Amino acid sequence: MKERWRERQELVERALQAELDRTDVLDDTLRQAMAYSLMAGGKRLRPVLLMAAADAVGADGAKFLSVACALEMIHTYSLIHDDLPAMDNDDYRRGKLTNHKVFGDGIAILAGDGLLTLAFTVILRQQNVSADTLLRVVDEISRAAGAEGMVGGQVLDLRAEEHRISMEEMRRVHMGKTGALFRAALRSGAILGGASEAQLAALTTYAEQFGLAFQITDDILDVIGTAENIGKPVGSDEKNHKSTYVSLTSLDEAQELAAQTVKDACTALRDFGVEADFLRELVSYLVYRKQ
């Protein structure tokens with residue numbers, strides 16, 4: 001699984017750089033700021049998930065690299081904005097100074113805006129996909145990135161600061177802020193790969209459980225991880241007075257919940273063959289990851 005992931009990461013890295021190189025940007029500082037965050041490394045998890053979903057339904061996920069890269073651009077824009085003083089006010093991301101610490105708040109905001117809008121240009125560069133399918137994917141991704149998904153979840157997250165919220169309210173926050181883009185990645189990959197309705201439904205369930213497992217583990221790592229491993233200071237949730245799966249339950253209970261969520265994700269793939277083994281192994285790896 002790790003070798004396959006690494007291969008896909010490298011594929012995405014090359015494609016992201018190529019997309020930046022072919023894009024006209026009016027200001028060189030803006031180009032530098034966009035590249036600074038986009039090419040800062042990271043797991044490239046969302047594009048890898050898109051390609052893996054296409055693989056799972058019998059297609060070649062690597063053929064959908066343009067859409068995969070667009071997802072990473074949207075994710076990166078969200079990180080740039082999330083780190084701003086008006087949001088989480090973080091100084092480090094992926095082991096480097098955050099964008100606004102290097103380029104200033106204004107350029108950081110515009111770099112994020114630039115990546116978000118470039119993402120939809122890049123989606124439309126996708127070859128060998130019907131117009132109807134591509135429009136369906138654009139609808140999936142735009143909804144997931146916007147007010148009914150990631151942006152909406154971020155607003156709920158801001159409102160949740162400084163007071164304790166219920167488990168259900170927190171799930172709603174994370175289904176938008178974190179889970180929506182995972183869901184869009186897996187559903188888009190399935191749609192691009194020609195999934196049946198049954199396959200799409202199963203991968204949607206997997207995506208929802210994957211997103212939950214990812215968030216629970218992220219909350220756990222914010223308590224027991226190290227800044228070197230996770231690429232940003234630990235304890236940021238406590239600093240920002242955020243409710244987490246650890247704070248609402250306990251460390252042990254959060255770990256048990258993560259393990260159960262992984263089982264539920266794998267159960268959703270029970271009708272898939274070996275083509276979905278990467279997805280099975282990936283969600284299991286989440287519980288044991290260190291970063």
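Predicted model, so just to flag it, every value in this text is computed and none were measured.
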Let me confirm one number: the [atom1]-[atom2] distance from [X] to [Y], rounded to the nearest 0.5 Å.
{"X": "Leu279", "Y": "Leu186", "atom1": "CG", "atom2": "CG", "answer": "6.5 Å"}
{"X": "Arg94", "Y": "Met39", "atom1": "CZ", "atom2": "CE", "answer": "10.0 Å"}
{"X": "Met170", "Y": "Asp219", "atom1": "CE", "atom2": "CG", "answer": "6.5 Å"}
{"X": "Leu192", "Y": "Lys63", "atom1": "CG", "atom2": "NZ", "answer": "12.5 Å"}
{"X": "Asp82", "Y": "Asp157", "atom1": "CG", "atom2": "CG", "answer": "7.5 Å"}
{"X": "Leu257", "Y": "Asp264", "atom1": "CG", "atom2": "CG", "answer": "9.0 Å"}

Does the side chain of [X] reach to within under 4.5 Å of the side chain of [Y], using non-hydrogen atoms?
{"X": "Val48", "Y": "Lys43", "answer": "no"}
{"X": "Tyr245", "Y": "Leu212", "answer": "yes"}
{"X": "Arg8", "Y": "Asp55", "answer": "yes"}
{"X": "Cys266", "Y": "Leu269", "answer": "no"}
{"X": "Lys177", "Y": "Ser78", "answer": "no"}
{"X": "Arg159", "Y": "Val173", "answer": "no"}
{"X": "Met1", "Y": "Arg280", "answer": "no"}
{"X": "Val129", "Y": "Val67", "answer": "no"}

I need the minimum non-hydrogen distance between [X] and [Y], along with the two atoms involved.
{"X": "Ala59", "Y": "Gly193", "value": "CB-CA, 3.7 Å"}
{"X": "Ala33", "Y": "Ile107", "value": "CB-CG2, 3.7 Å"}
{"X": "Pro47", "Y": "Ala68", "value": "CB-O, 3.3 Å"}
{"X": "Ala108", "Y": "Leu84", "value": "CB-CD2, 4.1 Å"}
{"X": "Ala184", "Y": "Ala144", "value": "CB-CB, 3.5 Å"}
{"X": "Val151", "Y": "Ala145", "value": "CG2-O, 3.1 Å"}

Over-ring placement of Lys2 relative to Tyr285, 6.0 Å and 45° cut-offs: no
Decide side-chain contact (heavy atoms from CB on, under 4.5 Å) for His81 and Asp113; before the verdict, give the C-alpha distance in whole Å, the side-chain angles of both, and the deciding distance to 0.1 Å. CA-CA 9 Å; His81 285 192; Asp113 293 344; 3.4 Å; yes
Is [X] reaching over with its side chain to a backbone N or O of [Y], donor-acceptor style, under 3.5 angstrom?
{"X": "Gln209", "Y": "Thr267", "answer": "no"}
{"X": "Asp60", "Y": "Ala62", "answer": "yes"}
{"X": "Gln17", "Y": "Arg14", "answer": "no"}
{"X": "Glu148", "Y": "Arg143", "answer": "no"}
{"X": "Asp27", "Y": "Thr29", "answer": "yes"}
{"X": "Thr244", "Y": "Val246", "answer": "yes"}
{"X": "Asp83", "Y": "Arg93", "answer": "no"}

As a quick check of understanding, evaluate salt bridge (Lys or Arg N to Asp or Glu O under 4.0 Å) for Glu208 and Arg183, giving each step before the final call. CA-CA 6 Å; Glu208 291 166 352; Arg183 190 176 188 270; 3.3 Å; yes
Are [Y] and [X] connected into the same hydrophobic cluster when the rule is that any two of I, L, V, M, F, W, Y join if their side-chain heavy atoms are below 4.5 Å apart?
{"X": "Met34", "Y": "Ile74", "value": "yes"}
{"X": "Val12", "Y": "Ile123", "value": "yes"}
{"X": "Phe182", "Y": "Phe272", "value": "yes"}
{"X": "Met51", "Y": "Val283", "value": "no"}
{"X": "Val155", "Y": "Tyr77", "value": "no"}

Please check if any side-chain donor atom of [X] sits under 3.5 Å from a side-chain acceptor atom of [Y], or the reverse.
{"X": "Ser37", "Y": "Asn99", "answer": "yes"}
{"X": "Glu253", "Y": "Ser250", "answer": "yes"}
{"X": "Glu140", "Y": "Ser188", "answer": "no"}

Tell me if the [atom1] atom of [X] is crowded by more than 12 foreign heavy atoms within 6.0 Å.
{"X": "Asp28", "atom1": "CG", "value": "yes"}
{"X": "Arg125", "atom1": "CZ", "value": "yes"}
{"X": "Arg31", "atom1": "CZ", "value": "yes"}

Show your reasoning for whether side-chain contact (heavy atoms from CB on, under 4.5 Å) applies to Leu45 and Leu282. CA-CA 10 Å; Leu45 185 52; Leu282 181 60; 3.9 Å; yes
Would Arg187 and Leu203 count as a side-chain contact (heavy atoms from CB on, under 4.5 Å) here? Give the steps. CA-CA 7 Å; Arg187 282 180 57 87; Leu203 284 166; over 6 Å; no
Between Ile165 and Arg171, does the side-chain contact (heavy atoms from CB on, under 4.5 Å) criterion hold? Intermediate values first, please. CA-CA 10 Å; Ile165 61 175; Arg171 282 177 182 263; over 6 Å; no
Show the numbers, then the answer: is there a side chain to side chain donor-acceptor pair (under 3.5 Å) between Glu281 and Ser284? CA-CA 5 Å; Glu281 293 173 21; Ser284 298; over 6 Å; no
Applying salt bridge (Lys or Arg N to Asp or Glu O under 4.0 Å), run through Arg136 and Asp132 and close with a yes or a no. CA-CA 6 Å; Arg136 189 177 176 190; Asp132 286 346; over 6 Å; no
